[in-house]
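A quick note: this is a predicted structure, and the numbers were derived from the prediction, not measured. Whatever order the structure lists them in is the order used to number ligands and atoms, beginning at 1.
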Amino acid sequence: MLNDTKIFKFGGGSVQNASGVRQLENIIRQHGDTPLVVIISAIGKTTNLLESIISVYRKNDAAELDTLLVRLQHNHYDIAQELLPNNPVLQKTLSDIFSQLDRQLTISSSNDYDYDYDRIVSFGELLSTTLISAYLNLNNLANEWLDARMLIRTDNSFREAHVDWKTTTPTIKNRIDSVVQEKNTKLFITQGFIGGTSDGQTATLGREGSDYTAAVFGFALQASEVVIWKDVPGLFNADPKIFPEAVKLEEIPYEEAIELSYYGASIIHPKTLKPLQNKQIPLYVKPFFNPEEAGSLISSSTLKNSVPSFIFKKNQILISIFPKDFSFIAVQNLSEIFHILSKHRLKINLMQNSALSFSICVDNVGERVDAALRELKQKYKIKYNDNVELATIRHYTEELLVGITQGKEVLIEQKNRTTVQVITT
Ligand code: ASP
Ligand code: MG
């Protein structure tokens, strides 16, 4: 049984300045008085800035580190100042977190880049949520700040940690229940993207992982709905920034939305939907600046009209793998190849095999691809095309396929009844 708790998730783009924070406040005020858990990402481009901070920290470049830290501070204090000028509580809230960050940056870096990354990048969400929670408390929206590192238990796969649902689900539920009972508070503010391991280390769920956090809370609390507030009116059949004629999808069945996010429609983090589907919790994607609009609804509806959807993934690399001894590709080869790909955490966007070769298309994510290629080259002959594009059309027609491949060289084309994928240069 779902209860009346709702989950709202706000991305960094929505809360990038003081007026964004005020709009978040408006939305929370309008929602009514049922329990509400608000998940917030790092403000604006903070996560990218923290990634730069991590890299100069690991290079021991003190001067550059200082410059970047000052920028990070400005971004946050400026918003605080605009929200509530010279407010000592708000400023102290921020300075406490900045001192914690300073402490992390005085520890010498470890051999494990991913571990260092998570313990530092997590400050983006710690800063945004403490700032917003304090601001709302000062503005008569009493709320409880929750530390997601204590609630979302993960394994040690830093930068892409897996949620331990068995521990996480009761932990979240018990914590929320006890605050509701003891303090009579129904509004909770917490961080997207971050969690904690059993030995108390900070771990993150992968870039853009805050949507997934919303699903974790929704699942644990059997929420009546999850709302992802976005700077777009809802989900579209193609990226409206590239295709002005894109149309909004009003109602999407879970399976269809899962397929779309699997193929790379970047609007919702791909891990988000499955836990919600398991509990039949509806997910709304709604426009942050027009909260009364319907947005898009993902639920257990059936697909009414199959509007074709287009997903384009640029910066792909197509790797073809041949046994060195000119033998056929055998199951042992495949198993070895998958093992190498999984070790370097590469996700296969498309694959194809023939008698003599096996081809895969993956995101060209620099270092990890290079490392996998080096390892593959020890056993196989490798050819690759970089800078290729992978296009997917769900509910395609031949005409649409011709439209997107016109004037391009097609390297691979794969079709099933609903979906076509093409790799082009
Ligand atoms: N702040 C994190 C990122 O930018 C998580 C998120 O925004 O969902 O990747
Ligand atoms: Mg973000």
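Every atom of ligand 1 is numbered from 1 in the order shown, and the set under 4.0 Å from a heavy atom of Thr47 is 1 (N), 2 (C), 3 (C), 4 (O).
Using a 4.0 Å cut-off between heavy atoms, Ser210 contacts ligand 1 through both its backbone and its side chain. With a 4.0 Å cut-off on non-hydrogen atoms, Glu125 touches ligand 1 through its side chain and not its backbone.
Remark: distances from the non-hydrogen atoms of Gly124 to ligand 1 are all 4.0 Å or more.
At a threshold of 4.5 Å between non-hydrogen side-chain atoms, the residues Arg207 and His269 do not count as touching.
With hydrogens and angles left out, the side-chain atoms of Arg394 and Thr419 include a donor and acceptor closer than 3.5 Å.
Applying the ring-ring contact (aromatic ring centres under 6.0 Å, His included) definition to pairs two or more places apart or across chains, those involving residues 139-171 are Tyr115-Phe158, Trp165-Phe219. Residues in residues 26-45 take part in these salt bridge (Lys or Arg N to Asp or Glu O under 4.0 Å) pairs, two or more places apart or across chains: Glu25-Arg29.
Remark: ligand 1 and Lys9 share no N or O pair separated by less than 3.5 Å (distance only, no angle test). An N or O contact shorter than 3.5 Å is missing between Asp211 and ligand 1 by distance.
Geometrically, Lys9 does not engage Tyr212 in a cation-pi contact defined by less than 6.0 Å to the ring centre and at most 45° from the axis.
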Could you go through the salt bridge (charged side-chain N to carboxylate O under 4.0 Å, His left out) check for Arg374 and Asp370 one step at a time? CA-CA 6 Å; Arg374 274 197 300 276; Asp370 295 342; 5.4 Å; no
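The closest heavy-atom contact to atom 4 (O) of ligand 1, among the options Arg207, His269, Gln191, comes from Arg207.
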